[in-house]
Amino acid sequence: MSILRFHAIKESLAHKPILIEEKERRSDIFGKNVFNENTMRQYLTKDAFKGVMNAVKHGKKIDRNIADQVASSMRDWALSKGVTHYTHWFQPLTGATAEKHDAFFETIGEGISVEKFGGSQLVQQEPDASSFPSGGIRNTFEARGYTAWDPTSPAFIYGTTLCIPTIFVAYTGEALDYKTPLLRALLAVDNAATEVCKYFDKNVRKVTSSLGWEQEYFLIDKALVASRPDILLTGRTLLGHSSAKGQQLDDHYFGSIPNRALNFMRDLEIECMYLGIPAKTRHNEVAPNQFELAPIYEEANLAVDHNSLLMDIMGRVASRHNFKVLLHEKPFAGVNGSGKHNNWSLSTDTGVNLLGPGKTPMSNLQFLTFFINTIKAVHENEELLRATIASAGNDHRLGANEAPPAIISVFIGEQLTKVLEELEGVTKGKLSPEEKTDLKLNVIGKIPDVLLDNTDRNRTSPFAFTGNKFEFRAVGSKANCANPMTILNTIVAKQLKDFKVEVDELIDGKGLKKDEAIFNILREYIKGLKNILFEGNGYSEAWEKEAKKRGLSNNKTTPEALKAKISKKSIALFEEMEVLSKIEMEARYEVEMEDYVNHIQIESRVLGDIARNHVVPTAVKYQNILIENVKGLKDIFEVDYKKLAKEQLVLMEEISTHIESINANVTKMTNERKKANNIQDIEKKAHAYCFNVKPLFDDIRYHCDKLELLVDDEIWPLTKYRELMFTR
Ligand code: ADP
Ligand code: MG
């Protein structure tokens with residue numbers, strides 16, 4: 001094994017930058033492999049084009065005849081680009097993307113063959129779905145699921161395959177994927193927000209939710225990864241002593257990007273361009289070898305697809321550059337983990353960002369309406385929001401003194417806090433003309449200026465307002481954004497729906513003017529929001545205490561956090577908004593709990609293996625060397641040897657102590673795992689893994705890492721932190 005480590009280091013040092021030249025302008029290649037509006041105009045008949053556009057913009061059904069036309073045009077376009085296969089591309093609950101390729105090629109008898117692709121193949125497919133997680137839905141109901149075309153996300157070509165974004169549902173209608181509930185949530189928020197917009201502008205017909213994600217990741221040399229079974233099998237290091245130099249000098253953050261990494265990024269960005277992913281920003285992150293890629297924000301469904309696609313192609317591009325991309329939330333102990341900020345906003349078909357202040361007092365009142373309703377939605381559903389970002393990987397960030405914490409709070413900055421304070425003082429009921437003028441001129445009229453000098457940059461808040469959008473920062477780097485986006489849009493939809501009812505009651509029942517009614521309701525809301533607003537350091541002990549007093553949840557582990565997904569309140573909410581049924585929610589809960597168990601189970605096995613079969617034998621080997629040394633000293637110096645071999649003797653004892661502790665803890669862990677595996681109930685099982693198996697990881701790691709410091713570097717088998725993180 002020690003040979004493998006040095007071999008890997010040698011190989012990694014030989015990896016040189018693979019130069020990527022850009023021959024064409026990015027704007028010229030952007031979307032070239034996408035069946036987008038532009039391409040459709042060229043390839044589709046007028047009727048077919050109108051049909052698809054109606055589906056995209058107004059959710060209208062596409063009829064069979066149109067589907068046939070679209071399919072044959074798609075095929076022609078794809079064939080012109082050398083494509084041979086097509087696939088329904090979907091996002092099952094495994095967290096990865098799934099595809100099953102079929103050739104266009106077909107035989108039609110008498111030795112004749114053609115390239116065929118009809119409407120029925122475009123619209124619906126039946127993948128062999130039996131091994132995708134379904135939380136029991138498929139077993140209880142139908143054995144089969146199918147994929148169905150989502151025309152709101154355009155088809156694209158990857159390699160020689162035409163990929164058609166689809167939803168994945170059971171024959172009984174239950175969602176088996178991430179996209180289906182997201183589309184339902186986007187519809188719910190569209191409906192609710194459009195109604196509220198009508199207070200301000202009767203012309204608004206549609207509200208769209210936007211998402212701009214920021215993907216963080218680590219790049220590690222492929223050869224080095226191959227020498228670390230833990231990274232290979234679990235995506236993170238399960239042991240390894242921290243490097244003498246870590247991130248304390250802050251010299252990586254926004255520093256110049258190392259050449260090899262830069263070429264990888266270029267290559268990746270070019271792929272993004274062809275696929276229509278508007279990659280815009282790249283930079284180093286805080287930890288060594290940690291980076292970020294962010295695109296220009298897009299409509300949420302498309303943005304989610306693009307992020308899933310990106311995570312997939314990142315790995316393939318990285319391989320060409322002899323890198324492995326680590327998307328895990330915490331690949332290395334002691335340095336920053338990776339997240340995926342979800343920048344979220346709502347905008348109208350009249351071109352107004354509802355979370356950006358406007359030019360007139362009325363448009364600012366509209367801004368405040370959406371701003372305050374969003375905060376209220378987060379407040380009422382903070383525990384649910386925490387649940388949407390729960391995963392075994394993200395627990396290392398959220399539950400473990402790293403920003404952002406497991407407590408959901410909202411940061412809005414000093415200036416907007418003042419605006420809310422002023423609004424809290426608004427008179428109850430009808431407002432005097434003077435008060436109205438004052439409000440419009442001096443409170444909401446000042447909002448644009450307020451935001452312009454809003455330089456607050458609180459980096460530890462899990463949910464922050466950043467000028468014209470909210471930034472959900474607690475999302476994990478590996479997560480499918482559909483999950484948090486579904487929940488966020490659903491809770492905001494519900495809140496806006498309730499708001500509309502309350503405002504209408506004041507207008508119709510109490511005879512208040514529209515703006516008076518809105519001011520009155522917002523004032524009452526603001527009074528209740530104090531507990532969720534927090535401007536301080538999000539991961540201090542003081543905040544944990546304070547948050548507890550405020551009644552905010554602080555669920556540090558996934559099994560505890562996920563529970564909120566199946567609470568009575570959550571089920572009622574999702575059923576009311578028609579986003580998920582009780583059955584679907586319970587199924588998802590089960591899938592996520594199982595996913596958690598599987599992750600910890602694999603990690604536990606790998607850790608046990610490395611500790612027993614790599615670390616302990618190496619320590620014994622080193623101890624034998626010491627024994628030989630001491631024996632030699634004894635032969636030569638006889639009675640005096642004890643003085644001369646003092647250090648060696650201490651070292652030998654220390655090594656024995658660590659070996660003993662490792663063996664005892666690995667045995668204990670294996671027993672706990674066995675016990676956990678015998679538990680049928682998924683909730684109890686997940687808790688057993690979380691509270692009985694996982695805590696032993698730390699003990700085992702501690703002793704292994706101590707041995708790493710004691711044992712001769714020459715024979716240490718596992719590539720060390722400094723080698724993993726500082727090889728360029
Ligand atoms: P940072 O938060 O790192 O300072 P930016 O604010 O420039 O960076 O943007 C981060 C991400 O937010 C980008 O993906 C960007 O496209 C996205 N974004 C910007 N404005 C909006 C908006 N109105 N709605 C959603 N996302 C947005
Ligand atoms: Mg940001």
Side-chain angles (χ1 to χ4, degrees), residues 26 30 182 185-186 189-190 193 197 206-217 253-255 257 265 268-269 272-273 276-286 290-311 314 336 338-358 363-364 366-367 370-371 374-375 378 403-404 410-413 416 447-448 451-475 477 479 481-482 484-486 488-489 492 538:
R26 294 197 173 186
F30 185 73
L182 174 66
L186 294 175
V189 85
D190 173 11
C197 279
K206 187 176 166 73
V207 170
T208 308
S209 168
S210 299
L211 164 66
W213 39 264
E214 303 168 57
Q215 180 73 52
E216 292 182 343
Y217 61 94
Y253 193 45
F254 282 115
I257 300 171
M265 289 178 187
L268 176 64
E269 285 159 8
C272 285
M273 289 300 113
I277 303 172
K280 171 98 175 149
T281 310
R282 61 179 178 218
H283 60 79
N284 290 350
E285 266 301 330
V286 180
Q290 191 189 27
F291 305 95
E292 180 184 297
L293 182 150
I296 297 167
Y297 67 97
E298 301 175 281
E299 184 277 320
N301 177 38
L302 187 58
V304 167
D305 280 359
H306 279 165
N307 182 247
S308 296
L309 186 56
L310 177 96
M311 290 196 285
M314 273 177 120
N336 266 34
S338 300
K340 178 152 55 199
H341 295 180
N342 276 209
N343 295 272
W344 171 88
S345 67
L346 294 172
S347 58
T348 67
D349 58 346
T350 54
V352 175
N353 174 4
L354 296 167
L355 290 169
S363 62
N364 279 333
Q366 174 170 274
F367 158 69
F370 282 90
F371 176 71
T374 302
I375 301 173
V378 171
V410 181
F411 172 86
I412 60 172
L416 280 166
I447 287 175
L451 287 186
L452 276 183
D453 23 274
N454 192 357
T455 46
D456 283 319
R457 275 313 208 183
N458 181 315
R459 286 281 165 203
T460 62
S461 173
F463 201 91
F465 183 72
T466 46
N468 61 356
K469 61 189 190 284
F470 278 99
E471 195 167 330
F472 191 10
R473 301 214 187 100
V475 182
S477 48
C481 300
M485 280 297 111
T486 298
L488 181 56
N489 284 294
V492 170

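Numbers for residues simply follow the sequence, beginning at 1. Whatever order the structure lists them in is the order used to number ligands and atoms, beginning at 1.
Residue-ligand proximity: Glu471 is placed with a non-hydrogen atom under 4.0 Å from ligand 1. At least one heavy atom of Ile296 sits closer than 4.0 Å to an atom of ligand 1.
A donor-acceptor pair under 3.5 Å is formed between the side chain of Asp190 and the backbone N or O of Val207.
When all heavy atoms of Phe370 and Cys197 are compared, the pair lying nearest together is CZ-SG, 3.8 Å.
Considering backbone and side-chain atoms together, Ser210 places no N or O closer than 3.5 Å to any N or O of ligand 1. Close N/O approach between Trp344 and ligand 1 is not found [any backbone or side-chain N/O within under 3.5 Å].
The ligand atoms of ligand 1 that sit less than 4.0 angstrom from a heavy atom of Asn468 are 23 (N). Residue Pro295 has at least one heavy-atom neighbour below 4.0 Å for each of these atoms of ligand 1: 13 (C), 14 (O), 15 (C), 16 (O). Per-residue contacts place Asn353 under 4.0 angstrom from the following atoms of ligand 1 (heavy atoms of the residue considered): 23 (N). Heavy-atom contacts of Gly212 reach the following atoms of ligand 1: 14 (O), 26 (N) (cutoff under 4.0 Å).
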One pair to check against side chain to side chain contact (heavy atoms under 4.5 Å, CB included): Arg282 and Leu293. What are the steps and the verdict?
CA-CA 5 Å; Arg282 61 179 178 218; Leu293 182 150; 5.6 Å; no
Could you go step by step and tell me if Leu355 and Lys469 meet the side chain to side chain contact (heavy atoms under 4.5 Å, CB included) rule?
CA-CA 6 Å; Leu355 290 169; Lys469 61 189 190 284; 5.6 Å; no
For a side chain to side chain contact (heavy atoms under 4.5 Å, CB included) check, start with the C-alpha distance between Phe371 and Ile412, then their side-chain angles and the critical distance, and finish with the verdict.
CA-CA 10 Å; Phe371 176 71; Ile412 60 172; 3.5 Å; yes
Apply side chain to side chain contact (heavy atoms under 4.5 Å, CB included) to the pair Met311 and Lys340, showing each step before the final yes or no.
CA-CA 12 Å; Met311 290 196 285; Lys340 178 152 55 199; 3.3 Å; yes
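Between Trp213 and the choices Asn343, Asn342, Val475, the side chain to side chain contact (heavy atoms under 4.5 Å, CB included) rule is met once, by Asn342.
Which of Ser345, Ala303, Ser209 comes nearest to atom 24 (N) of ligand 1 through a heavy atom is settled by distance: it is Ser345.
Under 4.0 angstrom from ligand 1, the non-hydrogen atoms of Glu214 all belong to its side chain.
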